[in-house]
Undergrad: 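Have a look at this one before I ask anything.
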Amino acid sequence: MRQFESLDSQMPIGGMSATEIARRFGTPVYVTDERALRDNYRRISRAFSTQMPTRIHYACKANANLAILRILKQEGSHIDAVSIGEVETCLRAGFPADRILHTGVSVSTRELEEVVSKGVPINIDSFSEMRRLSTIASVHPISMRVNPDVGAGHHDHVVTGSKRSKFGIPKSEIVKAYSEALELGLKPKGLHAHIGAGVQEVTPFVQVTEVLVSIAKELEETLGLRLDFIDVGGGIGIPYRVEEKPMDVDLLAKEITSRIKSGCSVGTVAIEPGRYIVADTTVLLTSVVDLKETQEKRFAGVDAGFNTLIRPSFYGSYHHVSVANKFGRPGELSYDVVGPICESGDFLARDRLLPRLEEGDLIAVYDAGAYGFAMSSQYNSRPRCREVLVNDGSASLIREMETVEDILRHQKVPSRLMI
Ligand code: LLP
């Protein structure tokens, strides 16, 4: 969680007051600070690249806005893409095909054909995917995703590396998979695993690296196959709560790279951070539109709900909130911050001590840059909101708000129902 200094009881973002941004662009709005984005990228990139040759594959599922992708492209990032949609978005943002890695799951043959036609390397998730790919293109750059039987994450839904998850080729079969790939004429260049998301400790990353290194070594010894890179996946957590500490990425980088350097002859490490790069760069600004007090609770009704930010409802995730136009004032009353969606599970924050609220106050929801807009929806026929990029005191709209017309655009009513 980033600490923001108060500016005459106004919350500043990227050299502007949050209130001014909300007045100009309306609410709800996601506001991203470009400086913070570049700083995050540089911090993690430096931590690894001072140890060994490194590729940072930004996991664009966290936030695939074109402006954010452009910034990361300028910084030298590579991309972890999960779908043809993400591949096309990143190509549109200017990433060359060979700086993107398609890591899908349950990938259709149609999607494989499309990714191949774009020249984007493919990280294979299953024997089935490998065999189908070999019938489409034998000389295509590939790597393999192993299920390392090392899983971790902030919620069951996001643990990907455990044995029972749907991801990757089981550890016990991975050497066989490489051997079959070679027989099929494919030329695997790398080995990948991803343990899960929102991991706050270094230990699971060390464990997965050890699994990957021992597989790479076995591939060298048994198949004479020397890989170019080991990809340890993403999942680096961030402190969503005030009392939590950020991950020591220098330590993380040392622990991972020292094991690769000493355990096998692979020369490049790849990592796939999404959340670490974008989460704390962005706040969601939402206006208090309705206040309600019952015998049980005090509700602040705001104009963003789980259609705008689903993480609190979906994972029970904690996002810090503050009152942007009463910034730095002590908390006085306990509120549930709730949205306009017709479900009781529609809340952004519960039981939070805030300054006394009035209609028109501006709530800032912190650390909303990862899986915030990306997971937003049109539920209850509510158009998705704007995104704004702020840099050194100036703000640019990077996504226009949708309209109800956008929601209706692709619907069709059979003519027999029109009479
Ligand atoms: N690499 C792979 C193969 C992944 O599946 C993911 C995330 C990442 C990298 C990036 O993980 P990150 O560094 O962002 O934690 N919607 C959930 C998170 C789901 C993550 C899915 N995969 C949330 O809001 O917490």
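Hydrogens, waters and symmetry mates play no part in the numbers below; they use all other heavy atoms, side chains included. Please read these numbers as outputs of a predicted model, since none were measured by experiment. Atoms within a ligand are numbered from 1 in the order they appear, just like the ligands themselves. Index from 1, following the sequence.
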Undergrad: Check whether any N or O atom of Tyr276, backbone or side chain, sits under 3.5 Å from an N or O atom of ligand 1, and answer yes or no.
TA: no
Undergrad: Are any of the N or O atoms of Gly274 closer than 3.5 Å to those of ligand 1?
TA: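 Yes.
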Undergrad: Would you compute the distance between atom NZ of Lys61 and atom CG of Asn63 and round it to the nearest 0.5 angstrom?
TA: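 Atom-to-atom, Lys61:NZ and Asn63:CG are 12.5 Å apart.
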Undergrad: Any idea which protein heavy atom is nearest atom 24 (O) of ligand 1, and the distance to it?
TA: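 The answer is Arg311 NE, 2.6 Å.
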Undergrad: Is His155 touching ligand 1 with its side chain, its backbone, both, or neither, if touching means heavy atoms under 4.0 Å apart?
TA: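 Contact part for His155 vs ligand 1: neither.
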Undergrad: Does the N or O separation between Asp80 and ligand 1 drop below 3.5 Å for any pair?
TA: yes
Undergrad: Please verify whether a non-hydrogen atom of Thr160 lies at under 4.0 Å from ligand 1.
TA: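 Heavy atoms of Thr160 never come under 4.0 Å of ligand 1.
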Undergrad: Enumerate the ring-ring contact (aromatic ring centres under 6.0 Å, His included) contacts for residues 205-246, please, sequence neighbours excluded, ordered by first and then second residue.
TA: Tyr240-His319
Undergrad: Listed by chain and number, what are the salt bridge (Lys or Arg N to Asp or Glu O under 4.0 Å) partners of Lys297, not counting sequence neighbours?
TA: Asp336, Asp351
Undergrad: Please could you name the atoms of ligand 1 that Pro273 approaches to less than 4.0 Å, counting only its heavy atoms?
TA: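 Near Pro273, meaning under 4.0 Å from one of its heavy atoms, ligand 1 has 13 (O).
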Undergrad: With no hydrogens and no angle check, is any side-chain donor or acceptor of Asp346 less than 3.5 Å from a backbone partner on Ile341?
TA: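 Here the side-chain-to-backbone pair exists.
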Undergrad: Could you identify the single nearest non-hydrogen protein atom to atom 20 (C) of ligand 1 and state the distance to 0.1 Å?
TA: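 Ranking protein heavy atoms by distance from atom 20 (C) of ligand 1, first comes Tyr371 OH, 3.6 Å.
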Undergrad: Give me the nearest non-hydrogen protein atom to atom 6 (C) of ligand 1 as residue plus atom name, then the distance to 0.1 Å.
TA: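 Heavy-atom neighbour on the protein nearest atom 6 (C) of ligand 1: His194 NE2, 3.2 Å.
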Undergrad: Is the closest basic N to carboxylate O distance between Glu88 and Arg92 below 4.0 Å?
TA: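 No, Glu88 and Arg92 are not salt-bridged.
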Undergrad: Mark yes or no: Arg38 above the aromatic ring of Tyr41, with NZ or CZ under 6.0 Å from the six-membered ring centre and no more than 45 degrees from the axis.
TA: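 Judged by the rule, Arg38 and Tyr41 form no cation-pi pair.
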Undergrad: Of the backbone atoms (N, CA, C, O) and the side-chain heavy atoms from C-beta on, which set of Ala59 has a member under 4.0 Å from an atom of ligand 1: side chain, backbone, both, or neither?
TA: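 The answer is the side chain of Ala59.
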Undergrad: So is His154 close enough to ligand 1, meaning a heavy atom under 4.0 angstrom away?
TA: yes
Undergrad: Please name the residue in the list Val365, Leu309, Val388 that meets the side-chain contact (heavy atoms from CB on, under 4.5 Å) test with Tyr30.
TA: Leu309
Undergrad: Looking at ligand 1, does Met375 have a heavy atom less than 4.0 Å from it?
TA: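 Yes, Met375 has heavy atoms under 4.0 Å from ligand 1.
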Undergrad: For the rings on Phe306 and Tyr379, is their centre-to-centre separation under 6.0 Å?
TA: yes
Undergrad: Examine the proximity of ligand 1 to Lys61 and report which part, side chain or backbone, both or neither, has a heavy atom under 4.0 Å away.
TA: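 The answer is the side chain.
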Undergrad: Flag the pair Asp406 and Arg409 as a salt bridge only when some basic side-chain nitrogen lies within less than 4.0 angstrom of an acidic carboxylate oxygen.
TA: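 Salt bridge flag = yes for Arg409 with Asp406.
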Undergrad: Taking atom SG of Cys264 and atom CD1 of Ile215, what is their separation to the nearest 0.5 Å?
TA: 11.0 Å
Undergrad: Decide, yes or no, whether a salt bridge links Glu255 with Arg259 under the criterion of side-chain N to carboxylate O below 4.0 Å.
TA: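 The answer is yes: the pair qualifies as a salt bridge.
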Undergrad: Looking only at protein heavy atoms, which one is nearest to atom 19 (C) of ligand 1, and what is the separation?
TA: Val158 CG1, 3.9 Å
Undergrad: Pull out every atom of ligand 1 sitting under 4.0 Å from any heavy atom of Arg275, numbered as shown with elements.
TA: 12 (P), 13 (O), 14 (O), 15 (O), 18 (C), 23 (C), 25 (O)
Undergrad: Give me the residue, atom name and distance of the protein heavy atom closest to atom 17 (C) of ligand 1.
TA: Tyr315 OH, 3.0 Å
Undergrad: Below 3.5 Å, N or O to N or O, backbone or side chain included: is there any such pair between Thr103 and ligand 1?
TA: no
Undergrad: Run down the list Gly372, Gly235, Ala193, Ala370 and name the one with the heavy atom closest to atom 12 (P) of ligand 1.
TA: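 Answer by nearest heavy atom: Gly235.
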Undergrad: Measure up the His320 and Tyr318 rings against each other and bin them: parallel (under 30°), tilted (30 to 60°), perpendicular (over 60°).
TA: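 Aromatic pair His320/Tyr318 classed tilted.
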Undergrad: Which atoms of ligand 1 sit under 4.0 Å from any heavy atom of Glu272?
TA: 1 (N), 2 (C), 3 (C), 8 (C), 9 (C), 10 (C), 13 (O)
